[in-house]
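Atoms considered below: every heavy atom in the structure, side chains included; atoms not considered: hydrogens, waters and symmetry mates.
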Amino acid sequence: DTVSMPLSLGYIKATAYADPGIRSATDIQICSFRGSDTSSEIIHALLTQEPPDILAFSVFGWNLHRFAAVAEVYRQLRPNGWVVMGGTHVANQAERLCRLFPAIDIVANGEGEFIFRDILQAYLGGCNKTELEHISGISFQRDGQVVTTPERARIANLDDIPSPFLEGVLPYRDKYGKAIYAVV
């Protein structure tokens, strides 16, 4: 079975791994789900083993409520873990999202490549998830209130983003040589 290629997540992972400290200290895993996958199936896939320190979602209209349900279960399993949501369907909507889904800690309000890298650097540097003012382009919760940092400039030079294929973080084929992603 093939799934849609998570190209944006590949770029996010490749950009994070361009930082040697992040590459050596983390194991970023990209998990793809189909539109037919239920919240229970996603929870089972992501959380039956040791839950990650940071759970990040690329949100679209069809998966918002499913991912919010996963975030709620994650919060019960890992109360101090970080829940990050990004994507065009959540950007600049943190007030509403955090009111509806209190398990969300951070919302990316723009292009996620450098935002996620900065979030990982903050986490690895020992920052508290309520003290992220130094990261531009996000909203985060502090004491029941949403704090929004200044807008981050758009990425002007696409060469600043490493290729997920050239960096080996998004393979084309599985270990048997079968195509992983559906081609549309």
Side-chain angles (χ1 to χ4, degrees), residues 5-33 42 45-59 67 70-71 74-75 77-88 90-92 94 97-98 103-143 146-172 174-175 180-181:
M5 180 181 293
L7 185 58
S8 62
L9 297 177
Y11 282 117
I12 288 169
K13 181 176 178 176
T15 301
Y17 274 9
D19 178 305
I22 291 173
R23 186 184 274 279
S24 67
T26 65
D27 177 18
I28 299 171
Q29 296 180 21
I30 296 174
C31 301
S32 295
F33 298 98
I42 297 168
L46 294 178
L47 303 178
T48 54
Q49 302 298 313
E50 181 68 22
D53 297 331
I54 298 175
L55 189 60
F57 300 96
S58 179
V59 180
F67 287 166
V70 175
Y74 173 78
R75 177 65 61 231
L77 297 171
R78 177 127 347 187
N80 296 319
W82 294 23
V83 174
V84 180
M85 289 201 172
T88 56
V90 297
N92 301 305
L97 289 168
C98 292
I104 298 171
D105 296 307
I106 304 163
V107 174
N109 291 321
E111 298 164 323
E113 289 81 0
F114 295 109
I115 288 174
F116 191 65
R117 179 207 59 198
D118 293 352
I119 290 169
L120 291 176
Q121 288 172 338
Y123 178 83
L124 293 172
C127 286
N128 187 299
K129 63 184 170 184
T130 63
E131 301 294 330
L132 300 173
E133 296 89 353
H134 65 284
I135 301 175
S136 61
I138 65 169
S139 296
F140 61 94
Q141 292 202 67
R142 178 190 299 141
D143 301 323
V146 172
V147 176
T148 298
T149 64
E151 186 176 335
R152 182 181 288 254
R154 302 266 330 240
I155 299 168
N157 182 358
L158 294 180
D159 289 336
D160 291 343
I161 306 168
S163 165
F165 303 107
L166 296 177
E167 296 301 317
V169 301
L170 195 60
Y172 289 115
D174 66 14
K175 64 183 178 180
I180 297 171
Y181 307 111

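Here the closest heavy-atom approach between residue I104 and residue C98 is recorded as O-SG, 4.0 Å. Shown here for L46 and V70, the closest heavy-atom pair between the two residues is CD1-CG1, 4.1 Å. In terms of heavy-atom proximity, A122 sits nearest to W82 at C-CH2, 4.4 Å. Between I115 and S136, the shortest heavy-atom contact is CG1-O, 3.9 Å. Between G86 and A108, the shortest heavy-atom contact is CA-CB, 4.0 Å. Across L170 and G10, no two heavy atoms sit closer than the pair CD2-CA, 4.1 Å.
Within the 4.5 Å cutoff, the side chain of P6 has no heavy atoms near those of the S58 side chain. Side-chain contact check for L7 versus F165: some heavy-atom pair is nearer than 4.5 Å.
Looking at K13, its side chain does come within 3.5 Å of a backbone N or O of I28 through a donor-acceptor pair. Between the side chain of D105 and the backbone N or O of V83 there is at least one donor-acceptor pair closer than 3.5 Å. The main-chain N or O of P52 is found under 3.5 Å from a side-chain atom of Y74 such that the two form a donor-acceptor pair. Side-chain atoms of K129 come within 3.5 Å of backbone N or O of G81 as a donor-acceptor pair.
With sequence neighbours left out, F67 forms a ring pair (Phe, Tyr, Trp, His ring centres under 6.0 Å) with F57. Residues satisfying the salt bridge (charged side-chain N to carboxylate O under 4.0 Å, His left out) test with E151, not counting sequence neighbours, are none. Applying the side chain to side chain contact (heavy atoms under 4.5 Å, CB included) criterion to P150, with sequence neighbours excluded, gives no partner residue. Applying the side chain to side chain contact (heavy atoms under 4.5 Å, CB included) rule to T148 yields the partners N109, S139, V146; only residues at least two apart in sequence or on another chain are considered. By the side-chain hydrogen bond (donor to acceptor under 3.5 Å, both in side chains) test, N128 is found to be paired with T130, residues two or more places apart in sequence or in another chain being considered.
The side chain to side chain donor-acceptor pair (under 3.5 Å) analysis of residues 112-126, with sequence neighbours excluded, yields the pairs D19-Q121, D53-Y123, D118-R152.
A distance of 5.5 Å separates CD1 of I30 from CG of L9, quoted to the nearest 0.5 Å. Separating the OG1 atom in T26 from the CD1 atom in I54 is a distance of 8.5 Å, to the nearest 0.5 Å. Atom OH in Y11 sits 10.5 Å away from atom CD1 in I155 (nearest 0.5 Å). A distance of 4.5 Å separates CD1 of I119 from CD1 of I106, quoted to the nearest 0.5 Å. M85 CE to L55 CG: the interatomic distance, rounded to the nearest 0.5 Å, is 8.0 Å.
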Checking T15 against F116 for the side-chain contact (heavy atoms from CB on, under 4.5 Å) test, could you report, in this order, the C-alpha distance in whole Å, the side-chain angles of both residues, the deciding distance, and whether it holds? CA-CA 9 Å; T15 301; F116 191 65; over 6 Å; no
Carefully, step by step, assess L132 and T149 under the rule side-chain contact (heavy atoms from CB on, under 4.5 Å). CA-CA 8 Å; L132 300 173; T149 64; 6.0 Å; no
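By the 6.0 Å contact criterion, CG on N157 is enclosed, its count of non-hydrogen atoms from other residues, nucleotides or ligands being greater than 12.
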